[in-house]
Engineer: 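My questions will all concern the structure given below.
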Amino acid sequence: MKDIFLCSICNVSSGACLEDCAYCTQSAKYNAKIERYRLKPLEQILQEARRAADNGALGFCLVTSGRELDDKRVEFISQAAKEILKEGLHLHLIGCSGIATKEALKELKEAGIASYNHNLETSKNFFPQICSTHSFKERYETCENALEVGLGLCSGGIFGMGETWQDRLDLLSALQTLNPHSVPINFFIPNPALPLTKEVLSKEEALECVKLAREYLPNSRLMIAGGRERVFGNDQEELFRCGINAVVLGDYLTTKGNTPKEEVERIKGYGYSIATSCE
Ligand code: SF4
């Protein structure tokens with residue numbers, strides 16, 4: 001029986017990003033109706049980490065909005081990681097703070113961060129249509145930097161932003177060259193504030209994307225993330241049959257997810273068990 005890995009997200013800072021990613025409600029350019037705050041108090045982060053571990057999550061991803069992993073973020077995420085590890089929580093800690101140099105990533109690793117999440121998002125050719133403030137190359141290099149300093153790599157993308165099937169194949173080929181241990185699969189969620197005006201993908205098209213991802217990345221943990229509820233509602237069994245073996249548990253960065261209890265019951269109802277080890 002396949003074990004399903006659960007990962008919780010902690011949105012450490014939200015909104016006010018000066019980048020212009022056309023799919024992202026955290027960009028200050030679009031004025032989307034989201035909660036905005038700078039750095040969450042450490043005690044709140046710790047509470048979320050305890051809750052994630054209680055709910056059965058093995059992964060805990062500390063996410064900050066913004067372009068890059070600057071000194072301030074390095075310091076804060078390192079401090080948060082140390083505090084979480086001090087509690088002896090059985091969590092694999094993941095950093096996610098945008099474009100990052102090897103030096104900054106090394107510091108996170110020394111503080112106890114085990115992996116870095118940085119999504120390629122889409123193909124190299126399509127990328128300029130969804131972002132003008134940074135490049136695909138910068139994203140790819142950050143992923144390489146994470147691998148070079150010995151961090152685990154979590155990198156995936158978003159489907160349904162108007163990209164062609166060839167773009168999808170190109171994204172998956174690029175991910176193949178990085179061989180991430182985890183690959184988040186997101187589906188674009190429309191929002192009236194965003195410049196991107198695509199409809200949500202049909203279930204059939206979304207499943208084809210998952211099948212392709214599994215074919216291209218047979219050894220990666222394929223994690224279903226944002227947009228899952230919008231595309232599939234409560235009818236998610238097929239996702240697991242098509243190769244999904246990891247799930248984002250609870251809320252996403254700016255959108256609500258199902259409750260962890262509902263999620264775990266659903267997965268068990270499909271006949272899968274919850275992973276109890278990161279291996
Ligand atoms: S850099 Fe990150 S937080 Fe900023 S707009 Fe792009 S995806 Fe959103």
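For reference, positions follow the sequence shown, starting with 1.
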Engineer: What pairs meet the salt bridge (Lys or Arg N to Asp or Glu O under 4.0 Å) rule with one or both residues in residues 100-109, with sequence neighbours excluded?
Structural biologist: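 Passing the test, one end in residues 100-109: Lys102-Glu148.
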Engineer: Mind checking the CG-CD1 spacing from Asp70 to Ile99? Nearest 0.5 Å is all I need.
Structural biologist: 11.5 Å
Engineer: Kindly write out the residues that satisfy side-chain contact (heavy atoms from CB on, under 4.5 Å) with Lys82, not counting sequence neighbours, or none if the list is empty.
Structural biologist: Ala111
Engineer: With sequence neighbours left out, what residues match Phe240 under ring pair (Phe, Tyr, Trp, His ring centres under 6.0 Å)?
Structural biologist: Tyr270, Tyr272
Engineer: Looking at NZ of Lys211 and OH of Tyr216, how far apart are the two atoms once the value is rounded to the nearest 0.5 Å?
Structural biologist: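 Interatomic distance, Lys211 NZ to Tyr216 OH, rounded to 0.5 Å: 15.0 Å.
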Engineer: Verify the distance criterion only: is there a donor paired with an acceptor across the side chains of Thr164 and Asp167 at less than 3.5 Å?
Structural biologist: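 Yes, Asp167 and Thr164 have a side-chain donor paired with an acceptor closer than 3.5 Å.
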Engineer: Show which side-chain atoms of residues 218-227 pair as donor or acceptor with protein atoms under 3.5 Å away, not counting sequence neighbours.
Structural biologist:
unit_1: Ser220; atom_1: OG; unit_2: Pro180; atom_2: O; d: 2.7
unit_1: Arg221; atom_1: NH2; unit_2: Cys278; atom_2: O; d: 2.8

Engineer: Tell me, do Pro184 and Val248 make a side-chain contact under 4.5 Å, heavy atoms counted?
Structural biologist: no
Engineer: Closest approach of Leu108 and Ser78, non-hydrogen atoms and distance?
Structural biologist: CD2-OG, 3.8 Å
Engineer: Taking the side chain from Asn245 and the backbone from Ile4, do they hold a donor-acceptor pair closer than 3.5 Å?
Structural biologist: no
Engineer: In Å and rounded to the nearest 0.5 Å, what is the OG to CG distance from Ser182 to Leu153?
Structural biologist: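 Nearest 0.5 Å value for the OG-CG distance: 9.0 Å.
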Engineer: Would you say Ser65's side chain and Gly15's backbone share a donor-acceptor pair under 3.5 angstrom?
Structural biologist: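 It does hold such a pair.
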Engineer: Do the non-hydrogen side-chain atoms of Val247 and Arg228 ever get within less than 4.5 Å of each other?
Structural biologist: yes
Engineer: Could you see if Ile9 belongs to whatever hydrophobic cluster contains Leu93? Use Ile, Leu, Val, Met, Phe, Trp, Tyr and a side-chain cutoff under 4.5 Å.
Structural biologist: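 Different clusters.
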Engineer: For the hydrophobic clusters of this structure (ILVMFWY residues joined by side-chain heavy atoms under 4.5 Å, transitively), does one cluster hold both Ile94 and Val63?
Structural biologist: no
Engineer: About how many Å separate CZ of Phe188 and CD of Glu163, when rounded to the nearest 0.5 Å?
Structural biologist: 10.5 Å
Engineer: Are side-chain heavy atoms of Asp170 and Phe126 found at a separation under 4.5 Å?
Structural biologist: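 Asp170 does not reach Phe126 side chain to side chain.
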Engineer: Is Gln26 reaching over with its side chain to a backbone N or O of Cys24, donor-acceptor style, under 3.5 angstrom?
Structural biologist: no
Engineer: Where the side chain of Arg67 meets the backbone of Thr133, is there a donor-acceptor pair that is under 3.5 Å apart?
Structural biologist: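 Pair found, side chain donor or acceptor close to backbone of Thr133.
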Engineer: Indicate yes or no: at least one non-hydrogen side-chain atom of Phe127 is less than 4.5 angstrom from one of Cys21.
Structural biologist: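 When only atoms from C-beta onward are counted, Cys21 and Phe127 do not touch, as no gap falls below 4.5 Å.
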Engineer: Going by salt bridge (Lys or Arg N to Asp or Glu O under 4.0 Å), name the pairs with one or both residues in residues 184-203, residues two or more places apart or in two chains.
Structural biologist: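 Only Lys203-Asp235 qualify under salt bridge (Lys or Arg N to Asp or Glu O under 4.0 Å).
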Engineer: For the residue pair Leu89 and Phe60, establish whether any side-chain heavy-atom pair is separated by less than 4.5 Å.
Structural biologist: no
Engineer: Donor-acceptor check, side chain of Asn191 to backbone of Ala193, threshold 3.5 angstrom: yes or no?
Structural biologist: yes
Engineer: What heavy-atom pair brings Ala206 and Val231 nearest, and what distance separates the two atoms?
Structural biologist: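 Ala206 and Val231 have their closest heavy atoms at CB-CG1, 3.7 Å.
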Engineer: Are Leu151 and Ile84 grouped together when hydrophobic residues (ILVMFWY) are joined by side-chain heavy atoms under 4.5 angstrom apart?
Structural biologist: yes
Engineer: Would a 4.5 Å heavy-atom cut-off, applied to side chains only, mark Ile113 and Leu62 as touching?
Structural biologist: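 They are in side-chain contact.
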Engineer: Does Lys268 pair with Glu265 as a salt bridge, N-O distance under 4.0 Å?
Structural biologist: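 Glu265 and Lys268: not salt-bridged.
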Engineer: Using the rule given for side-chain contact (heavy atoms from CB on, under 4.5 Å), can you reason through Val183 versus Ile185, listing the C-alpha separation, both sets of side-chain angles and the distance that settles it, and then say yes or no?
Structural biologist: CA-CA 6 Å; Val183 177; Ile185 302 284; 4.2 Å; yes
Engineer: Please determine whether the number of non-hydrogen atoms from other residues, nucleotides or ligands lying under 6.0 Å from atom CG of Leu169 exceeds 12.
Structural biologist: yes
Engineer: Any donor-acceptor pair under 3.5 Å linking the side-chain atoms of Asn145 with those of Glu141?
Structural biologist: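 No pair is found: no donor N or O on one side chain lies under 3.5 Å from an acceptor on the other.
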Engineer: For a quick check under 3.5 Å, do Ser97 and Thr64 share a side-chain donor-acceptor pair by atom type?
Structural biologist: yes
Engineer: Please report the C-alpha distance between Tyr30 and Thr25 in whole Å, then the side-chain angles of each, then the deciding distance to 0.1 Å, and finally whether the side-chain contact (heavy atoms from CB on, under 4.5 Å) criterion is met.
Structural biologist: CA-CA 7 Å; Tyr30 310 136; Thr25 52; over 6 Å; no
Engineer: May I ask you to decide if the ring planes of His92 and His181 are parallel, tilted or perpendicular, using 30° and 60° as cut-offs?
Structural biologist: perpendicular
Engineer: May I ask you to decide if Leu217's main-chain N or O and Arg214's side chain share a donor-acceptor pair within less than 3.5 Å?
Structural biologist: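 The answer is yes, because a donor-acceptor pair under 3.5 Å joins these two groups.
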Engineer: List the steps, then state whether side-chain contact (heavy atoms from CB on, under 4.5 Å) holds for Phe187 with Arg230.
Structural biologist: CA-CA 9 Å; Phe187 303 113; Arg230 277 297 294 276; over 6 Å; no
Engineer: Indicate yes or no: at least one non-hydrogen side-chain atom of Asn55 is less than 4.5 angstrom from one of Val264.
Structural biologist: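 No, side chains not in contact.
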Engineer: Between Tyr116 and Ser155 (side chain of the first, backbone of the second, donor and acceptor by atom type, cut-off under 3.5 Å), is there such a pair?
Structural biologist: no
Engineer: Taking NZ, NE, NH1 and NH2 as the nitrogens, is one of them in Glu263 or Arg266 under 4.0 Å from a carboxylate oxygen of the other?
Structural biologist: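 Salt bridge: yes.
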Engineer: Quick check: do Ile158 and Ile130 have side-chain heavy atoms less than 4.5 Å from each other?
Structural biologist: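 They are not in contact (no side-chain heavy atoms under 4.5 Å apart), so the answer is no.
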Engineer: Look at the side chain of Asn117 and the backbone N and O of Cys96, then say whether any donor-acceptor pair between them is shorter than 3.5 Å.
Structural biologist: no
Engineer: Which heavy atom in Ala104 sits nearest to a heavy atom in Leu69, and how many Å separate them?
Structural biologist: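 Distance-wise, the nearest heavy atoms are CB-CD2, 3.7 Å.
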Engineer: Hey, could you give me each pair passing salt bridge (Lys or Arg N to Asp or Glu O under 4.0 Å) that has a residue in residues 37-54? Not counting sequence neighbours.
Structural biologist: Lys40-Glu48, Glu43-Arg50, Arg50-Glu87
Engineer: Show, in sequence, the C-alpha distance, side-chain angles and deciding distance for Trp165 and Glu205, and conclude whether the side-chain contact (heavy atoms from CB on, under 4.5 Å) test is met.
Structural biologist: CA-CA 10 Å; Trp165 280 103; Glu205 194 167 354; 3.7 Å; yes
Engineer: Where is the tightest heavy-atom contact between Gly66 and Cys17, given as atom of each residue plus distance?
Structural biologist: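 Reported closest heavy-atom pair: CA-SG, 3.5 Å.
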Engineer: Hey, mind stepping through Glu75 and Lys72 against salt bridge (Lys or Arg N to Asp or Glu O under 4.0 Å) and telling me if it holds?
Structural biologist: CA-CA 5 Å; Glu75 194 184 326; Lys72 190 173 143 202; over 6 Å; no
Engineer: Does any N or O in the side chain of Ser14 come within less than 3.5 Å of the main-chain N or O of Glu35, such that one atom is a donor and the other an acceptor?
Structural biologist: yes
Engineer: Judged by atom type as modelled, is there a donor-acceptor pair below 3.5 Å linking the side chain of Thr142 to the main-chain atoms of Ala100?
Structural biologist: yes
Engineer: Measure across Leu39 and Ser13 and return the closest heavy-atom pair with its distance rounded to 0.1 Å.
Structural biologist: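 Distance-wise, the nearest heavy atoms are CD2-CB, 4.1 Å.
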Engineer: First locate atom OG1 of Thr122, then atom OH of Tyr23, and finally report the distance between them rounded to the nearest 0.5 Å.
Structural biologist: 9.5 Å
Engineer: According to a hydrophobic-cluster definition based on side-chain heavy atoms being under 4.5 Å apart (Ile, Leu, Val, Met, Phe, Trp, Tyr only), do Leu207 and Leu172 belong together?
Structural biologist: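 Yes; tracing contacts between hydrophobic side chains, which count when under 4.5 Å, links both residues.
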Engineer: With a 4.5 Å cut-off on side-chain heavy-atom distances among I, L, V, M, F, W and Y, is there a chain of contacts connecting Leu91 to Phe76?
Structural biologist: yes
Engineer: Taking all non-hydrogen atoms of both residues, which atom of Gly156 and which atom of Asn119 are closest, and how far apart?
Structural biologist: N-OD1, 2.9 Å
Engineer: Kindly compute the distance separating CG (Asp20) from NE2 (His134), expressed to the nearest 0.5 Å.
Structural biologist: 8.5 Å
